[in-house]
Amino acid sequence: MKYNSRYIDLIFQKASSDLKAESRRGTLGLLWWILEPVLYVGVFYIIFSLIFKRGDEAQISSLLTALIVWKWFDSSVRQSSMSIVNNTGLIRQIHIPKVILPFMVVTTSAMKFIIIFMVLIVFLISTNGAPTAFWISIPLVMFVQLVVCLAVGCLLAALVPFLPDIRMIIDNGMTLLFFLSGIFFNINNVSSDLKFYLYLNPMVGLIESYRLVLIENKWPDFNMLFIIFIASSFVLFVAQKILFKYDREYMKVL
Amino acid sequence: MFKKKLAIQLKKVAVSYKVRASFFKTSKYWALNDVTFDVCHGETLGVVGRNGVGKSTLLRLMAGIISPDKGEVINNGVSVSLLSLQVGFIQHLTGRENVVLSGMMLGLSKLKMKSLMNDIEAYADIGAFFNQPVRGYSSGMRARLGFSVAYYAEPDVLLIDEVLGVGDADFKVKSSEALKKRIVSDETVIIVSHNVNTLRELCDRVVWIENGAVVMEGDASFVLDAYSQSNKDRRCNKKQII
């Protein structure tokens, strides 16, 4: 138990240190935490609303919500898949349980997500009106997404050092998932036999939940959230088993 | 003679690395074959050997960074760490911030690091730079700060790879003196080196490693004499061949 609390402290110390370091990199500092995601959604805003002239205000809010939620998943997965490989220097010098490396990365992106999510909330309130009681379910949706990020992140972190070639698959796989996550379409407009396969991607259900709550002011589908939670907890359990089993082997293959 | 308490035991330890030979084939390279020895509390143990005989692998094994493929490493409840400098340093953070992060990586609590802060600051002796980002440091200053954190981390067993002194000339003297003081005291230290003179000066006992196995183990001067002799023989043989 003593060890656990030591590592939890370390995860948060590392995450906040990384954020601090990042904010000092440019001249604009802290502003980049907000500017970077604003630029990111700005690109899609320009393409969809100004060039293709698609969508009214509600559709724009729904697109922004999905993009911001996706960004957290995307950066967590991409960075944690490389978390052991990128820390070769560190794990050569000291013994550190490898499982905490993807946790550090996911925590950093979670902190960034919280900041930009606040901005999104302000935007939604200013365009769609005051928040409703349904919004209290948002922390639950976020928690399920956190577990999903950790599960996928840890699993890939555990495998990439042994199978470096899957990096290419991860890169392109994430791009494919980006287009299949229902960011640019509503999952309910898809034919029902295809729907099942799309739901295998947990981000489809999560993005739908965020939209239900924030845009349509309804409760999320609790059954679906529960299934996503159980499935990703299982993956996370397996992934940390692998990470612990090969904890002292990673150094030999890097 | 009183019986000494064992800190770490290595029993018939072997470690291999995978080497990719072709697309489907990987061959194994055995860095250590069959190594057995004990480390007792309070002693200073030297490990001597030529380049590439598995000395660094041995240190990583004892530090718990890697596990053996065969045999076992028994740690009798001691904290072991390599004297490693600048663990986890982030370039854009200040010296002060890096001290906390680095110390926590080495296994100390945040609270402990804060209480050690003044000592570390004084020991590193880099003035106002302590509160500035590390990326602006000279390599000498970086070494000073790195050493100060590592020095104050105080594991039960300290592993030293080759170098004693770090930094500029002044600090090199200061840091190697500090380490020597610690080595001479009751602390458990393991030094890996191919420098016979350093080991002769500091160690009680020496293990000689060759081709991933122990050739000889025992009293420092006895083993080091044999090691030097074998090096001489080797050089003579080479000359004759030429």
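Naming convention: chains lettered A, B, ... in sequence-line order (proteins, then strands); numbering from 1 in each chain.
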Quiz prompt | Gap between atom NZ of K252(A) and atom CZ of R60(B) - 0.5 Å precision | solution = 11.5 Å
Self-check item: Exam field: side chain Q93(A) to backbone L85(B), donor-acceptor pair closer than 3.5 Å
Solution: yes
Practice problem: Let me know if I66(B) has heavy atoms under 4.5 Å from chain A in its side chain, its backbone, both or neither. | Solution: both
Quiz item: In terms of heavy-atom pairs under 4.5 Å with chain A, which of Q91(B), M104(B), Q86(B) leads?
Solution: M104(B)
Quiz prompt | More than 12 heavy atoms from other groups under 6.0 Å of OH on Y17(B) | solution = yes
Practice problem: Just give me the residue among L101(B), L82(B), V100(B) that pairs up with chain A most often, heavy atom to heavy atom, under 4.5 Å. | Solution: L101(B)
Quiz item: What part of L59(B) is in contact with chain A, defined as an atom under 4.5 angstrom from a non-hydrogen atom: side chain, backbone, both or neither?
Solution: neither
Exercise. Start with the C-alpha gap between I91(A) and I65(B), add the side-chain angles, then the distance that decides, and say whether side-chain contact (heavy atoms from CB on, under 4.5 Å) holds.
Key: CA-CA 7 Å; I91(A) 62 179; I65(B) 294 170; 5.6 Å; no
Practice problem: Check whether V80(B) gets within reach of chain A through its side chain, its backbone, both or neither, counting any heavy atom under 4.5 Å. | Solution: neither
Quiz item: Heavy-atom count around L39(A) CG within 6.0 Å, excluding the residue itself: above 12?
Solution: yes
Quiz item: Out of curiosity, R92(A) CZ to S56(B) OG, how far, rounded to the nearest 0.5 Å?
Solution: 10.0 Å
Exercise. Go through the side-chain N and O atoms of S17(A) and E97(B) and say whether any donor and acceptor fall under 3.5 Å apart.
Key: no
Quiz prompt | Portion of L10(A) that has a non-hydrogen atom of chain B nearer than 4.5 angstrom | solution = both
Quiz item: Between CG of L106(B) and CD1 of I96(A), what distance do you get to the nearest 0.5 Å?
Solution: 10.0 Å
Self-check item: N/O donor-acceptor pair under 3.5 Å between R248(A) side chain and G64(B) backbone
Solution: yes
Practice problem: Could you tell me whether F162(A) atom CZ has more than 12 heavy atoms of other residues or ligands within 6.0 Å of it? | Solution: yes
Self-check item: Pick from A63(B), S81(B), S67(B) with the largest number of heavy-atom pairs that fall under 4.5 Å of chain A
Solution: S67(B)
Quiz item: For F37(B), does the CZ atom have more than 12 heavy-atom neighbours from other residues, nucleotides or ligands under 6.0 Å away?
Solution: yes
Quiz prompt | M105(B) vs K14(A) side-chain heavy atoms within contact, under 4.5 Å | solution = yes
Practice problem: For F129(B), look at atom CZ and say whether over 12 heavy atoms of other residues, nucleotides or ligands are found less than 6.0 Å away. | Solution: no
Exercise. Taking all non-hydrogen atoms of both residues into account, name the closest pair between I90(B) and A21(A) and its distance.
Key: CG2-CB, 3.5 Å
Quiz prompt | NZ/K112(B): more than 12 non-hydrogen atoms of other groups inside 6.0 Å | solution = no
Exercise. Would you mind checking which part of L90(A) comes under 4.5 Å of any heavy atom in chain B, side chain (CB onward), backbone (N, CA, C, O), both or neither?
Key: side chain
Quiz item: Checking heavy atoms, do the side chain of T94(B), its backbone, both or neither come under 4.5 Å from chain A?
Solution: both
